[in-house]
Amino acid sequence: MNNKYLRFLIAILVFVIVSVAYFSPILEGKKIFQSDIAQFKGMSKEIVEYRKEYDAEPYWTNKAFGGMPAYNVSAYYPNNYIKKADLLLRFLPRPADYLFLYFLGFFVLLYVLKVEWKLAIIGALAFGFSTYFISLFGAGHNAKSHAIAYMPMVLAGILLVFQRKYLSGFILTAIALAFEVNASHPQMTYYLLFMILILGIMYLVDAIKQKTIPNFIKSTLILAGAAVLAIGVNSTSLLATKEYASHSTRSKSELTITPEGNPKEHISSGLDREYITEYSYGIAESFSLLIPRFYGGGNRENLGKDSETYAFLKNKFGRAEAKNFSENFPGYWGEQTIIEAPFYIGAVLIFLFVLGLFLVKGKLKKWLLAATIFSLLLSWGKHFPSLTNFFIDYVPMYNKFRAVSSIQVIAELAVPLLAIITLNQFLKDENNKTNKLKYLKYALYGVGGLTLFFTLFGTSLFNFESFRDPGMAGIEKQFPGFMDTIISERKSLFFNDSLRSLILILISGGLLWAFLKEKINKNAVIISFAVLILFDLVGVDRRYVNDEDFVSKKQEEIPFAASQFDKEILKDKSYYRVANFAVNPINDGSTSYFHNSIGGYHAAKPRRYQELFEYQIAKINMQVLNMLNTKYIIFQDKDRVTRLQKNDDANGNAWFVNSVEVVNSANEEIMALDSLNTKQKAVVNSEFKNMLSQTSFTKDSLASITLTSYQPNELKYDSNSSNEQLAIFSDMYYKDGWNAYIDGKLAPYFRANYVLRAMVIPSGKHEIVFKFEPTVIKTGNTITMISYALLLLIPIGWFFIDKKKNVQSTTE
């Protein structure tokens with residue numbers, strides 16, 4: 001077998017073994033419990049059941065937010081062959097499949113950069129075991145993991161093109177980017193674009209210096225072609241996402257007032273500035289990349305029974321309470337609301353990265369350094385407002401994404417990449433030993449010295465107090481000394497991890513020194529660094545994602561157990577909604593698992609519905625709850641006892657109103673709901689005025705409109721009235737896809753009461769049908785099929801043209 005293929009085979013075998021070994025409970029049939037995936041199961045339950053029963057996609061669900069498109073919840077699109085190919089690569093059980101992809105993609109990137117294959121395997125493991133990437137599995141951010149995993153492969157394809165291996169680079173870029181887009185995490189793909197742009201600038205500058213601009217232009221055009229095809233094969237999902245984005249919280253609000261009726265201070269074309277920067281990495285917190293518990297680690301640190309905290313609490317609360325608290329110790333004392341784990345890259349890798357700043361020459365080093373600094377600066381978010389505000393205000397799409405700290409994914413990729421390139425160069429014979437020794441001292445003095453400083457003096461630099469600590473004031477009052485113990489424990493975490501990183505850096509420097517002095521050979525260095533890096537990263541990773549995160553298959557597949565209230569509500573077989581105020585309704589998928597919820601869990605909620613919640617539902621406007629057909633309300637009373645209340649005043653699925661109030665703006669629409677009797681009257685924006693022949697309607701006392709058939713994507717009603725009526729439907733208005741029919745003929749409908757559907761219905765008996773028939777699916781599918789054809793034909797044609805040229809060249 002060709003050595004090249006054998007090396008790939010060995011690498012793949014290693015990646016499979018390591019992936020399965022890290023998540024070994026999957027061998028027992030267990031599954032990792034992921035909170036976000038549990039919420040997803042709640043949100044997608046109706047779609048999954050419909051798919052199973054009808055072997056078709058509804059593309060709409062009524063389980064959450066009164067109804068929303070299924071595009072970003074769970075949707076299978078026709079002819080999605082990229083997804084099928086992706087599933088072939090993800091042949092391991094989850095989450096080992098994503099870890100394997102991390103490894104494979106980074107190995108391909110290092111292979112393209114001609115790094116020795118053994119080091120490429122180590123580099124792949126170093127990238128995949130980055131603590132941030134592993135922590136994503138615990139939280140259930142699978143789409144993010146998925147997108148990150150394909151980043152290195154996309155970069156590998158681009159670098160191949162710049163290496164003038166045009167055909168192979170074109171193919172790899174197109175396919176890897178198609179996988180990347182298919183992973184459906186636009187934020188990660190957007191951050192990758194920054195990294196590509198920085199790389200492009202480096203190559204452009206180099207092309208200007210080398211006077212090779214034509215080659216640069218040729219490479220750029222080839223990459224542009226690959227990108228067009230990669231996007232083309234994902235057209236259906238992208239078009240659907242784009243369409244929904246204009247209706248979601250990622251789009252500009254029409255409201256210019258606050259819920260209190262005051263003018264808004266700032267109106268964004270995307271998310272609010274405060275929301276975007278809620279998760280901003282502290283500037284000093286960035287040292288967590290080098291020292292994992294520099295800021296105390298995650299929100300919940302497992303200190304165990306040997307901790308000072310356990311010893312303090314066991315005689316006061318009892319052993320069980322002390323154990324529980326020490327296993328969920330509030331270690332993190334930074335400013336982020338929630339942090340599962342620090343973004344630890346690894347002390348060994350950062351040491352090698354700094355060494356590479358001296359040792360490695362050329363544009364690749366400049367690219368990786370610039371990308372790292374860029375990501376760090378932007379990850380600081382609100383702590384570096386001048387830069388962050390510039391990007392929010394002027395850089396396209398930057399204000400569509402939140403959690404700016406996650407842009408550190410660029411550094412998480414760049415640092416190990418330069419680190420392994422450095423190690424590869426250090427171990428080559430051709431480099432000057434004197435220079436190597438000099439650079440080694442620089443890196444050791446710099447990184448080692450910094451870590452030594454924190455080890456010696458770090459505990460006196462900070463106060464180790466968290467903004468959450470006042471919440472434990474009651475315990476402190478009851479047991480004086482409690483907060484001192486907490487602070488002392490955080491200092492211990494800081495010191496221990498500082499010392500840990502220092503030792504790892506010293507060992508790394510010692511290994512390289514021993515190699516230069518010919519006391520150990522190259523293979524010994526490679527093996528030693530493999531052990532060192534894995535010890536460093538896996539040791540930290542296991543603090544946050546380990547065997548305890550796995551549960552039985554049944555428990556994972558059925559994430560929510562029905563409460564007594566759920567069981568009581570489910571006896572009602574009619575079509576209605578449930579308001580669950582015992583949880584945070586706007587961030588809850590558990591209610592959607594059992595009922596049609598007025599809330600839900602999604603990163604991009606329907607914008608108007610989110611606003612309805614903030615302006616009306618949050619203050620328990622019963623008329624609004626009635627118009628949403630909220631028949632059951634779960635809440636906690638003043639004694640925090642959860643209770644169920646049936647709402648007999650709910651308006652039902654559809655009803656006739658007596659009159660309409662026509663208003664001129666979104667502000668007037670939302671504020672009119674403050675005092676609207678939704679059973680009698682409707683509020684309609686003047687943009688729909690031409691659909692109203694009158695603003696008052698005479699009700700026939702026998703008039704009726706009744707839901708006769710329900711599917712998530714098709715609702716049928718029977719209407720009977722002696723007069724023309726205005727009907728209001730309790731379902732969400734969404735103009736892109738929903739069509740209305742009266743007796744089989746397409747009929748106009750419009751928006752009323754800020755979020756609902758309304759329709760003028762003629763007198764007599766009629767059947768009214770609402771069908772969700774999104775044209776975006778058909779349009780996207782056509783573009784997708786054309787793109788697949790081009791993706792297949794272009795490389796084949798290219799190959800034969802190149803072959804013909806080579807033959808002619810040889811003949812001449």
Handout entry: Side-chain heavy-atom pair Val181, Leu238 within 4.5 angstrom cut-off
Key = yes

Handout entry: Gap separating the CG atom of Leu417 from the CG atom of Leu109, nearest 0.5 angstrom
Key = 5.0 Å

Exercise for the section: May I ask you to check whether Tyr632 and Phe565 place their ring centers less than 6.0 Å from one another? Expected result: no

Exercise for the section: Step by step, work out the side chain to side chain contact (heavy atoms under 4.5 Å, CB included) result for Leu413 and Met195. Expected result: CA-CA 10 Å; Leu413 199 161; Met195 201 170 183; 3.8 Å; yes

Practice task
Compute whether any side-chain donor of one residue and acceptor of the other, for Gln187 and Tyr191, lie under 3.5 angstrom apart.
Solution key: yes

Handout entry: Sidechain N-carboxylate O distance under 4.0 Å for Asp547, Lys30
Key = no

Practice task
In plain terms, say whether Arg543 and Asp497 are close enough for a salt bridge, that is, a side-chain N and a carboxylate O under 4.0 Å apart.
Solution key: yes

Exercise for the section: Using only heavy-atom distances, determine whether the side chains of Gln564 and Glu568 contain a donor-acceptor pair under 3.5 Å. Expected result: no

Exercise for the section: Verify salt bridge (Lys or Arg N to Asp or Glu O under 4.0 Å) between Arg577 and Asp731, making sure each step is shown before the conclusion. Expected result: CA-CA 10 Å; Arg577 291 198 175 87; Asp731 297 293; 2.8 Å; yes

Practice task
Nearest 0.5 Å please: distance from the NE2 atom of His185 over to the CG atom of Leu192.
Solution key: 13.0 Å

Handout entry: Trp60/Tyr734 aromatic ring centres below 6.0 Å
Key = yes

Problem - Aromatic ring proximity, centroids under 6.0 angstrom, Phe550 and Phe33 - result: no

Problem - Pair Tyr71 and Tyr244, ring centroids less than 6.0 Å apart - result: no

Fill in the blank from the handout: Residues passing the side-chain hydrogen bond (donor to acceptor under 3.5 Å, both in side chains) test with Tyr132, sequence neighbours excluded, are Lys144

Exercise for the section: State whether a side-chain donor-acceptor pair under 3.5 Å links Arg607 with Ser251. Expected result: yes

Problem - Positive for ring-ring contact (aromatic ring centres under 6.0 Å, His included) with Phe129, one of Tyr22, Tyr544, Phe15 - result: Tyr22

Practice task
Could you check if a side-chain atom of His595 sits within less than 4.5 angstrom of a side-chain atom of Leu570, using non-hydrogen atoms only?
Solution key: yes

Practice task
Go through the steps for Gln711 and Tyr54 under the test side chain to side chain contact (heavy atoms under 4.5 Å, CB included), then give the verdict.
Solution key: CA-CA 11 Å; Gln711 288 183 352; Tyr54 297 97; 2.9 Å; yes

Practice task
Answer yes if the side chains of Asn79 and Asn781 hold a donor-acceptor pair under 3.5 Å, and no otherwise.
Solution key: yes

Completion exercise
Shortest non-hydrogen pair, Ala178 vs Asn234, comes out as O-ND2, 3.1 Å

Fill in the blank from the handout: Tightest non-hydrogen contact, residues Met68 and Phe65, listed as SD-CD1, 3.6 Å

Practice task
Would you verify whether the NZ or CZ of Arg643 falls within 45 degrees of the ring axis of Phe635 while also being under 6.0 Å from that six-membered ring's centre?
Solution key: no

Problem - Distance-only donor-acceptor check, side chains Glu556 and Gln34, under 3.5 Å - result: no

Handout entry: Centroid separation Phe294 to Tyr344 less than 6.0 Å
Key = no

Exercise for the section: Evaluate the ring planes of Tyr150 and His146, with Trp represented by its six-membered ring, and classify them as parallel (under 30°), tilted (30 to 60°) or perpendicular (over 60°). Expected result: tilted

Exercise for the section: Would you kindly say whether Asp541 and Thr131 are connected by a side-chain donor-acceptor distance under 3.5 Å? Expected result: yes

Handout entry: Nearest heavy-atom neighbours spanning Phe137 and Pro95
Key = CD2-CB, 3.8 Å

Problem - Over all atoms of both residues, closest heavy-atom pair of Met153 and Gly105 - result: CE-CA, 3.8 Å

Problem - Spacing of CD belonging to Gln408 relative to OG belonging to Ser130, to within rounding of 0.5 Å - result: 9.5 Å

Exercise for the section: May I ask you to decide whether Asp86 forms a salt bridge with Arg90, counting only side-chain N to carboxylate O separations under 4.0 Å? Expected result: yes

Handout entry: Exercise: do Asn62 and Tyr710 side chains pair donor with acceptor under 3.5 Å
Key = yes

Exercise for the section: Step through the shown structure and confirm whether more than 12 heavy atoms of other residues, nucleotides or ligands are within 6.0 Å of OH on Tyr76. Expected result: no

Completion exercise
Taking every heavy atom of Ala143 against every heavy atom of Ser184, the minimum-distance pair comes out as CB-O, 4.1 Å

Exercise for the section: Please determine if Glu301 and Arg293 form a salt bridge, counting it only when a charged side-chain N lies under 4.0 Å from a carboxylate O. Expected result: yes

Exercise for the section: Taking atom types as modelled, find out whether Ser253 and Glu611 have a side-chain donor-acceptor pair closer than 3.5 angstrom. Expected result: yes

Exercise for the section: Taking only Lys NZ, Arg NE, NH1 and NH2, and the carboxylate oxygens of Asp or Glu, determine whether Glu557 and Lys31 approach each other closer than 4.0 Å. Expected result: yes

Exercise for the section: Check the side chains of Ser574 and Lys631 for a donor-acceptor pair under 3.5 angstrom, ignoring hydrogens and angles. Expected result: yes

Practice task
Determine, using ring centers only, whether Phe401 and Tyr190 are less than 6.0 Å apart.
Solution key: yes

Handout entry: Atom pair CG (Leu89) and CZ (Phe179), whose distance is rounded to the nearest 0.5 Å
Key = 5.0 Å

Exercise for the section: Check whether more than 12 heavy atoms from other residues, nucleotides or ligands sit under 6.0 Å from atom CD of Gln636, and answer yes or no. Expected result: yes

Problem - Student check: side-chain heavy atoms of Pro585 and Phe613 closer than 4.5 Å - result: yes

Problem - Steps toward side chain to side chain contact (heavy atoms under 4.5 Å, CB included) verdict (Ile598, Tyr609) - result: CA-CA 9 Å; Ile598 67 157; Tyr609 196 86; 3.3 Å; yes

Practice task
State, yes or no, whether a side-chain contact exists between Ile339 and Glu285 at a heavy-atom distance under 4.5 Å.
Solution key: yes

Handout entry: Atom CG of Asp55 with >12 non-hydrogen neighbours under 6.0 angstrom
Key = no

Practice task
Could you check if a side-chain atom of Asn182 sits within less than 4.5 angstrom of a side-chain atom of Tyr77, using non-hydrogen atoms only?
Solution key: no

Practice task
Determine, stepwise, if the pair Leu289 / Leu376 fulfils side chain to side chain contact (heavy atoms under 4.5 Å, CB included).
Solution key: CA-CA 10 Å; Leu289 301 175; Leu376 270 178; 3.8 Å; yes

Exercise for the section: Would you check if there is a donor-acceptor pair between the side chains of Glu278 and Thr337 at a distance under 3.5 Å? Expected result: yes

Practice task
Verify whether the ring centers belonging to Tyr281 and Trp380 lie closer than 6.0 Å.
Solution key: no

Handout entry: Separation of Arg94 CZ from Ser145 OG (nearest 0.5 Å)
Key = 9.5 Å

Practice task
Would you indicate whether the side-chain heavy atoms of Glu57 and Arg51 approach each other to under 4.5 Å?
Solution key: yes

Handout entry: Exercise: identify the closest heavy-atom pair between Val545 and Ser135
Key = CG2-CA, 4.0 Å

Practice task
Could you tell me whether the side chain of Ile82 reaches within less than 4.5 Å of the side chain of Tyr788, counting heavy atoms only?
Solution key: yes

Handout entry: Aromatic ring pairing Phe133/Tyr102, orientation class (parallel under 30°, perpendicular over 60°, tilted between)
Key = tilted

Practice task
Kindly indicate, with the supporting measurements, whether the criterion side chain to side chain donor-acceptor pair (under 3.5 Å) is fulfilled by His602 and Asn72.
Solution key: CA-CA 9 Å; His602 203 275; Asn72 294 129; 5.3 Å; no

Practice task
For residues Phe91 and Val16, determine if any side-chain heavy atom of one lies less than 4.5 Å from a side-chain heavy atom of the other.
Solution key: yes

Exercise for the section: Nearest 0.5 Å please: distance from the CG atom of Leu378 over to the CD1 atom of Ile410. Expected result: 8.0 Å

